[in-house]
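What follows is a single structure, written as structure tokens, with notes after it.
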Amino acid sequence: MKRWGQPLSIKRKMLLYFIVLFCLPFLLFSLLWYAKSAETIEDSGIYYNEQLIGRVHAQLDEYFAGIKADSMALPGHPLIQEFIKADPYNTYEMYRLKGRISNELLPNMRKDMYGFSLLSKKGASFGDYSTAVMPLFQESFKILGIEERAGVSVITVYRKIIDNETYEPLGAIIMSLSLKQLLKISDLKPYGKNGSMVVANESGQIFFHTDRERVGAFLPSSWSDRMNGDKGRFELEGSGGKRLMVYQISEQTGFRIISETSQTELLGGLLRLQVLTLFIGAGILILGFAVFYRMFREIKKLLGEIHRTRMSEKELELKHRESLVSAMQSRINPHFLYNTLEIINAHAVVFNIKPISQMTVHLSNLFRYSIGNPEQVVSLRKELEHIMSYIRIQEERFECFSFIMNVNEEMLDQVYLFRLTLQPLIENAFQHAYEKHGLTPGSISIIGSAEEACYSLYIEDEGRGMPPELHRKYNQAFESMTEVKLVRASMSPFHGIGLWNVHSRLRLAFGEPYGLRICDSNENGTRIQVKLPYRKGVLQDVQSADCG
């Protein structure tokens with residue numbers, strides 16, 4: 001028996017060196033590698049799910065925003081106003097009204113409309129929606145929930161009807177929308193074979209689930225209790241192991257969009273492979289290094305996939321914007337619209353009603369320009385001609401309105417921009433500077449200034465401006481958001497999208513310093529600077545760019 005302090009044999013020294021210099025570092029490195037690999041894979045899966053539910057979030061907001069916009073004019077329709085005021089016990093009158101509604105109103109409804117009902121405060125009803133008491137909510141537009149209609153799952157939507165004379169709520173529109181259109185999001189799969197995607201309304205009722213049998217049920221309380229804030233993540237323990245949950249709550253609709261992924265499935269056989277690597281490395285170090293190198297290549301491949309995914313996000317976002325513009329344009333049949341306007345103009349000319357004729361011509365020019373390719377780069381002259389058609393219509397609406405344009409004639413063909421760049425800014429002035437505050441539109445100006453770095457258009461109004469903190473927030477976003485951040489952003493960081501969309505289109509296509517800047521905004525009005533490129537050295541590059 002050897003005593004402590006005696007020299008070790010070469011065999012024992014080699015064994016000790018092997019353990020200390022190879023086995024222990026390999027073991028520690030393997031454990032560290034496993035922890036970091038698991039963390040990277042888990043973060044990648046969560047990142048994928050966050051992007052996924054972000055796209056679903058955008059789709060749902062866009063879908064219901066379209067429904068809300070399409071139905072906005074319905075409560076004021078003459079037939080609906082007549083229906084809510086009619087005596088429900090006048091059988092002949094009700095029969096006549098229902099016939100006109102069926103023949104004149106229903107054929108123009110959305111294609112995904114499964115059912116349409118009208119209820120009046122006096123007790124009259126139209127359609128298949130039955131209720132003892134007419135629903136009356138504080139909101140003018142509300143998503144009620146899921147129902148079964150003749151074996152078909154539908155989402156019911158409520159729209160309040162206000163009397164145009166007394167401004168009192170006298171009725172309600174109940175629209176039933178087929179879930180088949182909405183369930184197109186089923187093509188978007190969460191990470192893993194057993195991952196699931198859940199969409200529920202404000203009350204927790206599920207109207208979409210990867211497992212269709214759970215549609216119509218309610219979210220578990222353990223889920224609802226863990227969702228604090230507009231978005232986030234949490235973990236749940238179950239019989240199948242830990243499950244990673246990522247969620248977002250839509251501010252527009254109140255919908256909760258949740259992705260569920262199994263941590264075991266996410267990590268896959270990583271743990272078993274790590275144990276196998278440790279055993280092989282303890283016996284045959286070279287084989288252990290070979291296995292490690294193989295796993296390193298797998299991680300590199302995964303990181304490459306993440307990189308390619310991030311690069312493809314720009315293309316997906318641009319395609320989404322293109323599809324949004326195409327969808328908006330497809331709602332209007334140009335030939336039908338032009339023919340109708342020509343008929344109106346012809347009648348106005350025959351009866352010598354010059355204002356109507358002029359309004360019809362301006363409106364025709366406005367629509368003809370608006371349905372053109374939004375990616376087309378046009379001269380400042382064409383854009384201002386379009387704006388003048390819009391202004392002429394507004395001048396007919398508001399007698400006291402005045403418009404001032406001071407732009408150098410020589411620059412009109414030397415400056416370029418996208419179609420419909422200026423109209424959202426002019427519309428913002430009417431809506432937010434005047435109409436939002438109950439003011440009659442007074443004055444709007446467009447002033448051009450040729451500067452060294454760019455050509456600046458200054459759009460000014462004399463209405464109420466925005467709060468100082470919102471003013472600063474807009475300018476900070478305009479200056480700090482790079483092209484890369486703009487591409488990754490799934491939607492506007494502001495409630496309004498007009499200013500942000502104009503800035504994003506200019507910045508993505510032309511780069512810095514082009515875009516918007518809010519010079520002043522206070523109680524005396526707002527002054528916005530639009531920075532545009534000159535023709536020389538810019539037009540050729542822009543026409544070949546994917547502008548979005």
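The analysis underlying the following values was restricted to heavy atoms, covering all of them including side chains, and did not include hydrogens, waters or symmetry mates.
- The structure places NE2 of His77 at 10.5 Å from CD1 of Ile173, a figure rounded to the nearest 0.5 Å.
- Side-chain contact annotation: Glu427 with Gln423, donor-acceptor N/O pair under 3.5 Å present.
- Across all their heavy atoms, Met113 and Leu177 have their closest contact at SD-CD2, 3.9 Å.
- Within the model, atoms CD1 of Ile528 and SG of Cys519 stand 8.5 Å from one another, a figure rounded to the nearest 0.5 Å.
- In this structure, Tyr514 has its ring center no closer than 6.0 Å to that of Tyr455.
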Practice task
Could you check Phe64 against Phe255 for ring pair (Phe, Tyr, Trp, His ring centres under 6.0 Å), going step by step and ending with a plain yes or no?
Solution key: CA-CA 11 Å; Phe64 283 103; Phe255 287 166; 5.1 Å; yes
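- Within the 6.0 Å centre-distance limit, the rings of Tyr158 and Phe137 are counted as a close aromatic pair.
- Between Glu395 and Arg392 there is a salt bridge, with a side-chain nitrogen of the basic residue lying less than 4.0 Å from a carboxylate oxygen of the acidic one.
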Practice task
Please lay out, stage by stage, how Phe398 and Phe403 fare under the test ring pair (Phe, Tyr, Trp, His ring centres under 6.0 Å).
Solution key: CA-CA 11 Å; Phe398 306 105; Phe403 177 72; over 10 Å; no
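- The CD atom of Gln414 sits 10.0 Å away from the OH atom of Tyr534 when rounded to the nearest 0.5 Å.
- By the 4.0 Å N-to-carboxylate-O rule, Glu50 lies close enough to Arg233 to be salt-bridged with it.
- Here the closest non-hydrogen pair linking Leu417 and Thr421 is CD1-CB, 3.6 Å.
- Residues Met411 and Ala450 approach most closely at CE-CB, 4.5 Å, considering heavy atoms.
- Residues passing the side chain to side chain donor-acceptor pair (under 3.5 Å) test with Glu460 are Arg527, sequence neighbours excluded.
- Every residue meeting the salt bridge (Lys or Arg N to Asp or Glu O under 4.0 Å) condition with Glu523, not counting sequence neighbours, appears here in chain and number order: Arg464.
- Each side-chain hydrogen bond (donor to acceptor under 3.5 Å, both in side chains) pair with one or both residues in residues 433-447, not counting sequence neighbours, would appear here, but there are none.
- Taking the ring pair (Phe, Tyr, Trp, His ring centres under 6.0 Å) definition, one finds that Phe126 meets it with nothing, sequence neighbours left out.
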Taking only distance into account, with no hydrogens and no angle test, what donor-acceptor pairs under 3.5 Å do side-chain atoms of residues 101-109 form with protein atoms, sequence neighbours excluded?
{"residue": "Ser102", "atom": "OG", "partner": "Lys98", "partner atom": "O", "Å": "2.9"}
{"residue": "Asn103", "atom": "ND2", "partner": "Gly99", "partner atom": "O", "Å": "3.1"}
{"residue": "Glu104", "atom": "OE1", "partner": "Arg100", "partner atom": "NH2", "Å": "3.4"}
{"residue": "Glu104", "atom": "OE2", "partner": "Arg100", "partner atom": "NE", "Å": "3.1"}
{"residue": "Asn108", "atom": "ND2", "partner": "Glu104", "partner atom": "O", "Å": "3.2"}

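- In this structure, Ile161 and Gln81 approach most closely via the heavy-atom pair CG2-NE2, 4.0 Å.
- Of the charged side-chain nitrogens involved, none lies within less than 4.0 Å of a carboxylate oxygen, so that Asp413 and Arg535 do not count as a salt-bridged pair.
- Pairing each heavy atom of Ile249 with each of Gly254, the nearest pair is CG2-O, 4.1 Å.
- In this structure, Lys531 contributes its side chain and Leu516 its backbone to no donor-acceptor pair below 3.5 Å.
- Closest approach of Gly229 and Tyr247 over heavy atoms only: O-CE1, 3.8 Å.
- Sequence neighbours left out, the pairs with a member in residues 401-412 that pass side-chain hydrogen bond (donor to acceptor under 3.5 Å, both in side chains) are Arg381-Glu409.
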